[in-house]
Protein chains: 2
Amino acid sequence: MKRILTKLNKAFDHRVRLGIMSVLVVNDWVDFTFLKDTLELTDGRLASHIKALEKVKYLEVRKRFVGRKPNTSYRVTEKGRQAFQAHLDALEELLKQSK
Amino acid sequence: MKRILTKLNKAFDHRVRLGIMSVLVVNDWVDFTFLKDTLELTDGRLASHIKALEKVKYLEVRKRFVGRKPNTSYRVTEKGRQAFQAHLDALEELLKQSK
DNA sequence: TAATTAACTTTGTATTTCAAAGTTCTTTAT
DNA sequence: ATAAAGAACTTTGAAATACAAAGTTAATTA
């Protein structure tokens with residue numbers, strides 16, 4: 001029960017980033033539009049939260065053309081997967097704490 | 001799986017507030033100093049997050065003297081308890097989402 | 001040639017967070 | 001009586017974050 005809060009990752013403080021991560025941990029290569037539609041975000045808002053996760057290397061990007069359309073996809077890195085799992089573990093521990 | 005993000009409560013976006021709530025849901029009337037020590041926060045920082053939770057009526061306050069010392073305690077309101085539970089339920093749903 | 005689509009980026013504002021210092025009230029020490 | 005200390009804040013000011021709205025780029029289809 002030590003240092004409860006330090007184990008929670010501030011990269012995941014925001015619900016939009018929690019949403020992005022939770023979609024990405026169960027799907028390999030998810031594209032921008034899918035995330036945008038699933039999470040019901042404007043493209044600017046989605047882009048900025050993705051950028052924050054990219055910055056700490058929790059996400060990687062792939063840009064290509066699918067048919068004739070540009071397509072950008074993301075997937076979680078190993079580092080991101082571990083960080084997210086650690087965050088969830090910390091959350092769980094926090095919540096099952098007894099008196 | 002609809003409107004995933006709207007069910008997450010932004011009052012609980014921050015890890016300090018998650019920490020406060022998780023202590024309060026399992027303890028009746030927790031005092032300021034205990035929260036401060038448990039969560040390892042400065043008093044200013046703790047006070048400001050508590051204030052945010054009070055503002056939305058998730059916490060109530062009791063001020064009194066214990067022996068000769070002033071003592072301020074907090075407990076979660078019914079509204080707060082429900083909101084927190086709803087948030088945790090939403091989190092769980094978010095995380096168990098499948099492809 | 002014009003309009004559309006995808007995926008951003010930029011701009012400007014508003015909100016949030018924080019440390020550090022200041023405050024109030026009461027007790028204890030000198 | 002005066003000073004110092006403790007509890008629980010509040011205030012201040014600065015930095016970081018978040019957001020909507022508008023602008024951008026490159027390729028595509030009408």
Side-chain angles (χ1 to χ4, degrees), chain A residues 3-6 8-21 23-24 27 29-75 83 87, chain B residues 3-6 8-21 23-24 27 29-56 58-76 83 87:
Chain A
R3 329 215 95 246
I4 299 181
L5 293 187
T6 58
L8 293 175
N9 190 332
K10 62 189 146 211
F12 305 131
D13 263 359
H14 199 286
R15 62 203 180 288
V16 169
R17 291 190 299 272
L18 273 181
I20 294 170
M21 290 302 290
V23 170
L24 291 182
N27 296 282
W29 293 119
V30 172
D31 66 44
F32 189 87
T33 303
F34 179 84
L35 278 173
K36 197 182 113 166
D37 293 345
T38 302
L39 302 175
E40 300 175 281
L41 299 170
T42 59
D43 48 4
R45 197 174 168 210
L46 175 57
S48 73
H49 285 289
I50 282 176
K51 203 169 162 182
L53 292 170
E54 259 186 86
K55 199 170 182 177
V56 290
K57 313 275 195 211
Y58 290 172
L59 260 54
E60 59 185 311
V61 193
R62 179 187 66 191
K63 282 160 195 283
R64 60 178 185 173
F65 275 81
V66 171
R68 302 309 182 81
K69 291 182 175 176
N71 176 275
T72 304
S73 295
Y74 304 91
R75 79 169 164 191
H87 181 75
Chain B
R3 329 213 95 245
I4 299 181
L5 293 188
T6 58
L8 293 176
N9 189 333
K10 62 189 148 211
F12 304 131
D13 263 358
H14 199 284
R15 62 204 180 289
V16 169
R17 291 188 300 270
L18 273 181
I20 294 169
M21 290 302 290
V23 170
L24 292 182
N27 295 283
W29 293 120
V30 173
D31 65 44
F32 189 87
T33 303
F34 179 84
L35 278 173
K36 197 182 116 166
D37 293 345
T38 302
L39 302 174
E40 299 174 283
L41 300 170
T42 58
D43 49 4
R45 197 174 168 211
L46 174 57
S48 73
H49 285 288
I50 282 176
K51 202 168 161 182
L53 292 170
E54 257 187 85
K55 200 170 181 176
V56 291
Y58 290 173
L59 260 52
E60 59 185 310
V61 193
R62 179 187 66 193
K63 282 161 196 283
R64 59 178 186 173
F65 277 80
V66 170
R68 303 307 181 82
K69 291 182 176 175
N71 176 274
T72 304
S73 296
Y74 304 91
R75 77 169 166 191
V76 72
H87 181 75

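Computed from a predicted structure; not experimentally measured. So you know, we letter chains A, B, ... as the sequences are listed, proteins then strands, and number each from 1.
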Stretch residues 10-18 of chain B: residues that reach within less than 4.0 Å of DNA chain D through a heavy atom: none
field: Spacing of L46(A) atom CG relative to dT9(C) atom C1', expressed in whole Å
entry: 14 Å
- prompt: What pairs with R62(A) under salt bridge (Lys or Arg N to Asp or Glu O under 4.0 Å), at least two apart in sequence or on another chain?
  reply: none
task: Under the side chain to side chain contact (heavy atoms under 4.5 Å, CB included) rule, collect the residues that match up with K10(B), sequence neighbours excluded.
output: R15(A), D13(B)
Separation of R75(B) CZ from L59(B) CG (nearest 0.5 Å): 11.0 Å
message: Nearest whole Å is fine: how far is dA8(D) P from L41(B) CG?
response: 14 Å
field: Residue-level proximity of residues 53-63 of chain A to DNA chain C when a heavy atom falls under 4.0 Å
entry: K63(A)
Evaluation steps, side chain to side chain contact (heavy atoms under 4.5 Å, CB included), between L41(B) and L5(A): CA-CA 10 Å; L41(B) 300 170; L5(A) 293 187; 4.2 Å; yes
Euclidean distance, atom CZ of residue R64(B) to atom C1' of dA8(D) [Å, nearest integer]: 15 Å
message: Applying side-chain hydrogen bond (donor to acceptor under 3.5 Å, both in side chains), can you list everything that pairs with E54(B), at least two apart in sequence or on another chain?
response: none
query: Is the phosphate of dC19(D), meaning OP1 or OP2, less than 4.0 Å from a side-chain N or O of H49(A)?
result: yes
task: Indicate for each nucleotide in nucleotides 20-30 of chain C, in 5' to 3' sequence, whether protein heavy atoms under 4.0 Å reach the base (B), only the sugar-phosphate (S), or nothing (-).
output: ------SS---
task: Sequence neighbours left out, what passes ring-ring contact (aromatic ring centres under 6.0 Å, His included) with Y58(A)? Give chain and number order.
output: F12(A)
task: State which residues pass salt bridge (Lys or Arg N to Asp or Glu O under 4.0 Å) with E40(B); sequence neighbours excluded, sorted by chain then number.
output: R3(A)
message: Checking contacts here: which listed nucleotide (dC8(C), dA20(D), dC9(D)) is nearest the side-chain heavy atoms of T72(B)?
response: dC9(D)
statement: side chain to side chain contact (heavy atoms under 4.5 Å, CB included) filter on D31(B), not counting sequence neighbours, yields T33(B), F34(B), N71(B), S73(B)
- prompt: Under 4.0 Å between a side-chain N/O of T33(A) and OP1 or OP2 of dA7(C), yes or no?
  reply: yes
- request: Examine dA7(C): is either OP1 or OP2 under 4.0 Å from a nitrogen or oxygen in the side chain of Y74(A)? Give yes or no.
  value: no
Side chains of residues 44-53 of chain B: which donor-acceptor partners sit under 3.5 Å, not counting sequence neighbours?
residue: S48(B); atom: OG; partner: R45(B); partner atom: O; Å: 3.0
residue: H49(B); atom: ND1; partner: R17(B); partner atom: NH1; Å: 3.0

- prompt: Roughly, in whole Å, what's the span from CG in D31(A) to P in dA6(C)?
  reply: 10 Å
task: Take the protein atom CD1 of I50(A) and the nucleotide atom P of dA18(D), then report the distance between them rounded to whole Å.
output: 14 Å
- prompt: For K63(A), which residues count as a side chain to side chain contact (heavy atoms under 4.5 Å, CB included) partner, sequence neighbours excluded?
  reply: V61(A), T72(A)
